[in-house]
Peer 1: 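Below is the structure I would like to discuss, written out as structure tokens.
Throughout, a chain's letter reflects where its sequence line sits, starting with A, and its residues are numbered from 1. Values below: all heavy atoms of this structure, side chains included; hydrogens, waters and symmetry mates excluded. Keep in mind that what you see is a predicted model, and the values were worked out from it rather than measured.
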Protein chains: 2
Amino acid sequence: MSRLITPSSAYPGLRIDGARLSRRIARLAEIGAIEGDGVCRLALSDTDREARNLVCGWMRDLGLSVTIDRIGNVVGIRDGQPELAPVMTGSHIDTVATGGRFDGSLGVLAGLEVIETLNDAGIDTRHPLAVGFFTNEEGARFAPDMLGSGVHQGALDLEEMLAVTDINGCILGAELQRIGYAGDTEVNRLRAHCYVELHVEQGPVLEQEGFAIGAVTGVQGISWSEYRITGTSNHAGTTPMHLRHDAGYLAAAISTEARNLAKTMGGSQVATVGMIRLLPNLVNVIPSEALLTLDLRNTDESLLREAERHMEAFIRQAAAREGVLVSNRKLARFEPVAFDGDMIGLVEQTAERMGLTCRRMPSGAGHDAQMFAPNCPTAMVFVPSRHGISHNVTEYTSPEALAAGANVLLHVLLNRAI
Amino acid sequence: MSRLITPSSAYPGLRIDGARLSRRIARLAEIGAIEGDGVCRLALSDTDREARNLVCGWMRDLGLSVTIDRIGNVVGIRDGQPELAPVMTGSHIDTVATGGRFDGSLGVLAGLEVIETLNDAGIDTRHPLAVGFFTNEEGARFAPDMLGSGVHQGALDLEEMLAVTDINGCILGAELQRIGYAGDTEVNRLRAHCYVELHVEQGPVLEQEGFAIGAVTGVQGISWSEYRITGTSNHAGTTPMHLRHDAGYLAAAISTEARNLAKTMGGSQVATVGMIRLLPNLVNVIPSEALLTLDLRNTDESLLREAERHMEAFIRQAAAREGVLVSNRKLARFEPVAFDGDMIGLVEQTAERMGLTCRRMPSGAGHDAQMFAPNCPTAMVFVPSRHGISHNVTEYTSPEALAAGANVLLHVLLNRAI
């Protein structure tokens with residue numbers, strides 16, 4: 001059904017205004033600003049309301065029709081032929097408690113910058129263009145993350161998500177009402193013609209390898225497990241090695257085996273033991289208990305399952321050898337998401353046509369785009385993150401790199417919309 | 001100079017009163033009793049004063065001359081030929097905060113039981129017999145541990161130790177005054193003819209291998225190090241394995257290498273990572289910082305040094321590979337203490353003559369006896385600890401096993417004193 005996709009050559013010289021984009025990013029970053037150029041703007045907080053009001057104002061100034069849906073997602077639409085599905089972009093404006101100014105905001109404000117560029121150039125498109133920002137992408141206040149886009153695309157149930165509470169017992173639906181963003185647009189209705197999201201990489205690959213643009217091939221599958229190990233607390237001096245049931249040793253062995261696994265499997269497989277807690281956690285006492293988490297990710301579901309099976313078998317055998325008990329709990333499990341091959345190719349060719357070096361890469365983090373992927377051709381554009389740092393006030397991407405990403409977004413959207 | 005030592009056969013049928021010993025242990029355990037049959041009797045606390053008063057009363061009841069020295073050590077002496085050095089036994093009556101009723105108390109009260117047995121039988125000895133209890137053996141309130149016996153035998157400086165403070169800033173010397181145990185007997189004067197201490201094993205070896213008595217060959221050397229590892233916090237999904245500087249992984253690698261080291265070296269070498277703390281300690285964040293402790297012990301100083309060197313080299317190389325910084329701090333370092341060969345043989349032969357199975361073994365924990373070892377022939381007698389558990393309210397040794405140990409103590413002391 002879809003037209004043959006080739007890089008747009010309709011307006012090959014068209015470029016967004018990088019300074020204007022950076023001004024909007026700086027202005028939005030004033031809301032919830034924290035020390036060190038960071039931002040604290042938890043979903044549905046007062047600062048989120050203020051940020052939403054600012055972005056909605058900009059949308060209206062640009063002539064977009066603004067809709068707010070029942071889970072608080074905001075979508076601004078620029079007219080095209082009304083019978084055609086909109087070509088869509090967007091991201092989120094909520095942040096983690098000590099976040100940066102680019103994560104999420106870039107994708108939303110680059111969308112507005114694309115709109116303003118087209119407005120200024122007087123370019124109309126056949127397909128409407130839609131720019132959205134989605135509620136609670138970070139999951140820092142309400143679980144799960146990508147909550148708004150999940151409801152928007154029908155992966156999550158509206159009523160269930162309205163009833164979600166934060167750590168203080170505040171109900172999401174009530175917080176939406178409180179900040180005035182409980183809209184009446186129905187969810188799980190809008191099916192985009194395609195969806196493209198610009199985001200900072202949040203990892204070090206582009207910077208390390210010297211690429212300007214990442215053409216994101218999909219989102220890694222995620223497997224989070226928590227292990228509780230019960231051994232026997234004993235004297236570190238008087239207990240011979242062969243009589244130990246050391247919960248701390250088993251935790252360490254799981255961590256080093258996770259590293260071995262990732263090295264042996266290679267490819268996109270990553271494995272992290274980020275949390276270890278020992279009891280009683282004293283220099284001269286063999287730990288009786290250990291709590292640890294294991295984070296496994298792979299872009300390929302069968303490989304991710306293989307990694308899970310390998311670790312389960314290792315832990316079972318090592319626990320038996322050490323004489324400790326292990327119970328486990330799945331904290332999260334998402335299958336990998338593959339983006340659309342044509343869309344990935346379009347991002348890549350668009351970047352190269354503009355003289356921007358580009359690398360195909362998976363996303364290690366979750367994004368709103370993955371909620372669109374089952375329902376429409378979807379892709380993402382990454383720009384480098386300095387030192388690979390994100391979810392941190394020191395998150396940084398240069399204005400030039402931001403503009404490069406926004407120009408790729410412009411021409412990808414234009415290609416699909418015109 | 002010393003006589004040929006052979007097991008005593010002067011009173012081969014003489015036995016202590018096990019029920020009387022157990023009654024004293026139960027009575028002493030009432031002071032500072034905590035739930036689950038445990039005891040909390042921190043050094044120089046009000047409960048320590050009460051326990052000291054009780055034991056001093058028993059000493060006087062048994063006709064001992066009681067002396068209190070300037071660091072609060074209490075020694076009760078039963079007359080012998082005044083020109084001869086006393087044959088000495090003893091231990092401590094302070095406990096850790098959640099201690100058992102046998103650790104320390106057994107050695108002191110078994111000493112009193114030996115005295116009472118000799119009194120009842122009307123047996124005089126050439127050498128005076130001395131029973132001591134030493135201040136702050138556990139180190140649970142004041143550091144270092146074995147403080148009183150260390151000052152008693154000249155290994156630690158009196159004035160320095162009087163100035164030591166606890167975690168609340170209380171000064172040891174002032175606490176001694178407060179509880180009425182700042183004595184005037186000079187320290188570092190009493191040189192015993194020999195020293196023998198009965199103690200619970202605090203480890204599982206005797207129980208596991210079915211021995212009634214341990215003839216302790218010495219105390220393991222101890223090396224405690226603390227490592228602070230500084231890596232880079234990053235996203236567990238977006239950071240490729242080869243770009244990680246994972247402080248948590250290095251902590252785990254040190255723990256598993258410590259286990260490998262102990263297995264490879266064998267013998268008495270033990271190695272424990274009892275404490276690990278990670279920052280930020282979250283499931284999806286590569287740890288930026290790790291703090292861990294490494295406890296290495298060996299009865300042989302050259303092997304202990306070899307273990308230290310091996311771990312240092314491993315940590316240096318692994319840190320370089322991972323791209324993390326490691327700083328370290330020595331928390332404690334004691335050379336191994338070897339007990340006297342003749343005395344060890346005497347313990348062994350005494351046990352066997354009474355039909356008690358006996359095994360030579362090192363002590364993994366520190367004891368007051370090790371402070372005497374440089375100055376006089378020294379040995380220790382161990383009795384089994386159920387499940388190897390100590391420093392715990394569930395610490396337990398059966399009345400029969402306690403009596404067996406006390407009988408060995410009786411005949412070893414008698415052999416040397418008569």
Peer 1: Among the options B:A332, B:G237, B:A247, pick out the one with the most heavy-atom pairs lying under 4.5 Å from chain A.
Peer 2: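 Between B:A332, B:G237, B:A247, the count favours B:G237.
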Peer 1: Can you confirm whether A:R359 is buried at CZ, in the sense that more than 12 heavy atoms of other residues, nucleotides or ligands lie under 6.0 Å from that atom?
Peer 2: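 Check passes, neighbour count above 12.
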Peer 1: Closest approach of B:S255 and A:G248, non-hydrogen atoms and distance?
Peer 2: OG-O, 4.3 Å
Peer 1: Looking only at heavy atoms and a cut-off of under 4.5 Å, which of B:R297, B:R259, B:K263 has the most pairs with chain A?
Peer 2: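 Heavy-atom pairs under 4.5 Å are most numerous for B:R259.
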Peer 1: Under a 4.5 Å heavy-atom cut-off, does chain A meet the side chain of B:L243, its backbone, both or neither?
Peer 2: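 For B:L243, the side chain is the part near chain A, not the backbone.
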Peer 1: With only heavy atoms counted, which part of A:E257 is less than 4.5 Å from chain B, the side chain, the backbone, both or neither?
Peer 2: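 No part of A:E257 comes within 4.5 Å of chain B.
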Peer 1: Check each atom of A:E226 against the heavy atoms of chain B and say whether the ones under 4.5 Å are side chain, backbone, both or neither.
Peer 2: neither
Peer 1: Write down the atom of A:M275, the atom of B:N281, and the distance for their closest heavy-atom approach.
Peer 2: CA-OD1, 3.1 Å
Peer 1: When heavy-atom pairs shorter than 4.5 Å are enumerated against chain B, which of A:I254, A:I276, A:I389, A:D246 gives the highest number?
Peer 2: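 Ranked by contacts with chain B, first place is A:I276.
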Peer 1: Give the member of B:R244, B:H242, B:M361, B:R277 that has the highest number of heavy-atom pairs under 4.5 Å with chain A.
Peer 2: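 Between B:R244, B:H242, B:M361, B:R277, the count favours B:R244.
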Peer 1: At a heavy-atom separation under 4.5 Å, does A:Q202 approach chain B through its side chain, its backbone, both, or neither?
Peer 2: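 Both the backbone and the side chain of A:Q202 come within 4.5 Å of chain B.
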Peer 1: Rounded to the nearest 0.5 Å, what separates atom CG in B:L278 from atom CG in A:L278?
Peer 2: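 That separation rounds to 8.5 Å.
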Peer 1: Looking at every heavy atom in both B:A365 and A:H235, which two are closest together, and how far apart are they?
Peer 2: CB-NE2, 3.4 Å
Peer 1: Heavy-atom distance under 4.5 Å to chain B: side chain of A:V273, backbone, both or neither?
Peer 2: backbone
Peer 1: So which part of A:N234 gets closer than 4.5 Å to some heavy atom of chain B, the side chain, the backbone, both or neither?
Peer 2: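 For A:N234, side-chain heavy atoms alone lie under 4.5 Å from chain B.
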Peer 1: Please determine, among A:S363, A:A271, A:S390, the option with the most heavy-atom pairs under 4.5 Å with chain B.
Peer 2: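 Sorted descending by pairs with chain B, the first entry is A:A271.
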Peer 1: Among B:L282, B:D295, B:I286, B:L279, which has the most heavy-atom pairs under 4.5 Å with chain A?
Peer 2: B:L282
Peer 1: Chain B heavy atoms under 4.5 Å from A:V270: which part of the residue, side chain, backbone, both or neither?
Peer 2: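 Backbone plus side chain of A:V270, per the 4.5 Å heavy-atom cut-off to chain B.
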Peer 1: Sort A:H387 into side chain, backbone, both or neither according to what part of it lies under 4.5 angstrom from a heavy atom of chain B.
Peer 2: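 It is the backbone, since no side chain atom gets that close.
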Peer 1: Where is the tightest heavy-atom contact between B:M241 and A:Q269, given as atom of each residue plus distance?
Peer 2: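 Heavy-atom minimum between the residues: CG-O, 3.9 Å.
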Peer 1: Could you pull out the closest heavy-atom pair between B:E201 and A:T238, with the gap in Å?
Peer 2: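 In terms of heavy atoms, the two residues are closest at O-CG2, 3.9 Å.
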Peer 1: Find the one option among A:P204, A:S268, A:A262 whose heavy-atom pairs under 4.5 Å with chain B are most numerous.
Peer 2: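 Looking at each of A:P204, A:S268, A:A262 in turn, A:P204 comes out on top.
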Peer 1: Mind checking the NE2-CG spacing from A:H391 to B:N284? Nearest 0.5 Å is all I need.
Peer 2: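 Atom-to-atom, A:H391:NE2 and B:N284:CG are 8.0 Å apart.
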Peer 1: Taking all non-hydrogen atoms of both residues, which atom of A:P287 and which atom of B:G274 are closest, and how far apart?
Peer 2: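 Answer, listing the atom of A:P287 first, then B:G274: CG-O, 3.7 Å.
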